[in-house]
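Some notes on the structure that comes next.
Worth saying up front: this structure is predicted, and the values here are computed from it rather than measured. Quick note on labels: first sequence line is chain A, next is B, and so on, each numbered from 1.
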Amino acid sequence: MRFRKRQRLVLLVVGMLLLSGATALVLASLQDSIAFFATPSELAARQVEPGKTFRIGGLVVEGSVVREADGTVRFAVTDTAEEVPVVYRGLLPDLFREGQGVVALGKLAEDGTFVASEVLAKHDEQYMPREVSDALKEAGYWEDQKEAENAR
Amino acid sequence: MHRYANPLRFQRIADALLPWIAVALLVLTPIGLYQALVLAPPDYQQGEAARIMYVHVPAAWLATFTYALIAVASAIALVWRHPLAEVAARAAAPVGAAFTAIALITGSVWGKPMWGTWWVWDARLTSVLILFFLYLGYIALHDAFEDPARGARAASILALVGAVNLPIIKFSVDWWNTLHQPSSILRLDGPTIAPSMLWPLLTMVLVFKLYLALVLILRMRGQLAERRIHNLRASGAGG
């Protein structure tokens, strides 16, 4: 009886190890397709032909947002290393603002501009009351903190 | 007699614990809700919508916690054939499925105004949806066999196979680019959430955990009673 219990335990542990190993291999090989979006650096490193639909994510560059009269919005997305110009026509989510994360779905035009058909806001993991964010900005901690976030 | 020794002891401990859990839940639920809905400040960016977090995060934590519980209980049931472990795993499954559904729905309601979409197929959202299907599969597989013992064994194996999904859910936001934000609380460099919002959240987490304990004990007692009736009927019919 004891022996059979041990046998079952060994079987279970070995089974779980094999299963986790197989899962890890599958996930590692699917790395690219599981990622929800590409970063501007990845885009720069890899030649993506125009017309292929994909998502690009990063921070909206401060001062880059231009709203044209016909409702077209132009802005640049950065991961602090590379920048990609984006053009979009449509409604933007509430959280869309300069310095904030966005994920855009679309394709590259011939001139390297990303033509977006959908723009989603990406919220970061910072939660704080308005007074705290104001106080941080006043004390000059804000930029450092954001910078540290981006560096990771 | 050995078969019943442990369930009997469980009954005694459960009977002693139940009133305390119930009282703690009655006291903490209004406190937690007051903290979350009134005392906690609105977020600097999301405003009042951030309050969805006080339901979403505890529900999502319970969704994965309950599954871990089922996986451990299933392993014990498979290796040591412990009847109480089987009962615990089975009793927990619908509760975990419900909390997964709550996490998915509240997340979707938050996502529409904040992200601009109800749903995306990013690694976090997809892995939690898979968790929901695993719960449903576990419940269905349990009842899919004529012989309840075989159903329990098949479901236990499914629960263990599905357990590889748990680390994927937890680390999906670190391993891959996702739309879902990374963890704000359980992270190496400390929480990135203001204390005035963290405390209400932790109270709500405790409330949800107590609720799970309460429902789990009640459901396990019910299933043990059902088993006893079943056994009495069987022995009555035989003799």
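The local environment of CZ in Phe145(B) is crowded, with over 12 non-hydrogen atoms from other residues, nucleotides or ligands closer than 6.0 Å. In this structure, Lys170(B) places its NZ atom where more than 12 heavy-atom neighbours from other residues, nucleotides or ligands lie under 6.0 Å away. More than 12 heavy atoms of other residues, nucleotides or ligands lie within 6.0 Å of CZ in Phe54(A), so this atom counts as buried by the packing criterion. In this structure, Glu68(A) places its CD atom where more than 12 heavy-atom neighbours from other residues, nucleotides or ligands lie under 6.0 Å away. For Arg130(A), the CZ atom counts as loosely surrounded, since its 6.0 Å shell holds 12 or fewer non-hydrogen atoms of other residues, nucleotides or ligands. Surrounding CG of Leu91(A) are at most 12 heavy atoms belonging to other residues, nucleotides or ligands under 6.0 Å away. Atom CH2 of Trp61(B) is surrounded by more than 12 heavy atoms from other residues, nucleotides or ligands within 6.0 Å.
With a 4.5 Å cut-off on non-hydrogen atoms, Ser172(B) does not touch chain A at all. Only the backbone of Pro42(B) comes within contact range of chain A, with heavy atoms under 4.5 Å apart. Looking at Ile168(B), only its side chain comes within 4.5 Å of chain A, counting heavy atoms on both sides. Met114(B) touches chain A through backbone and side chain together, each having a heavy atom under 4.5 Å away. For chain A, no part of Ala40(B) is nearby; none of its heavy atoms comes within less than 4.5 Å. Using a 4.5 Å cut-off between heavy atoms, Leu12(A) touches chain B through its side chain atoms alone. Contacts between Val173(B) and chain A at a heavy-atom distance below 4.5 Å are absent for every atom of the residue. Interface residue Thr117(B): backbone and side-chain heavy atoms are both found under 4.5 Å from chain A.
Using a 4.5 Å heavy-atom threshold, the side chains of Trp80(B) and Leu9(A) count as touching. Residues Gln7(A) and Val79(B) form no side-chain contact, since every pair of their non-hydrogen atoms from C-beta on lies 4.5 Å or further apart. For the pair Leu27(A) and Trp176(B), the minimum side-chain heavy-atom distance is below 4.5 Å. Contact annotation: the side chain of Gln181(B) never approaches that of Gln126(A) to less than 4.5 Å [non-hydrogen atoms, C-beta and beyond]. Between Gln45(B) and Leu95(A) the shortest side-chain heavy-atom distance falls below 4.5 Å.
In terms of modelled atom types and a separation under 3.5 Å, the side chain of Asn177(B) and the main chain of Phe37(A) share a donor-acceptor contact. Between the side chain of Lys122(A) and the main chain of Thr178(B), a donor-acceptor pair closer than 3.5 Å is present. Counting only distance, with no hydrogens or angles, the side chain of Thr192(B) and the backbone of Glu125(A) share a donor-acceptor pair below 3.5 Å.
A distance of 10.0 Å separates NZ of Lys5(A) from CZ of Arg81(B), quoted to the nearest 0.5 Å. Atoms CD1 and CE, from Ile193(B) and Met128(A) in turn, are 10.0 Å apart once rounded to the nearest 0.5 Å. With rounding to the nearest 0.5 angstrom, the CH2 atom of Trp121(B) is 11.5 Å from the CZ atom of Phe36(A). Rounded to the nearest 0.5 angstrom, Ile34(A) CD1 and Trp175(B) CH2 are separated by 10.0 Å.
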- Start with the C-alpha gap between His123(A) and Asp43(B), add the side-chain angles, then the distance that decides, and say whether side-chain contact (heavy atoms from CB on, under 4.5 Å) holds. CA-CA 12 Å; His123(A) 187 259; Asp43(B) 183 66; 4.2 Å; yes
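Of all the heavy atoms in Leu160(B) and Leu19(A), the pair that sits closest is O-CD2, 4.4 Å.
Comparing Gly57(A), Pro129(A), Gly15(A) by how many heavy-atom pairs each has under 4.5 Å with chain B, the most go to Pro129(A).
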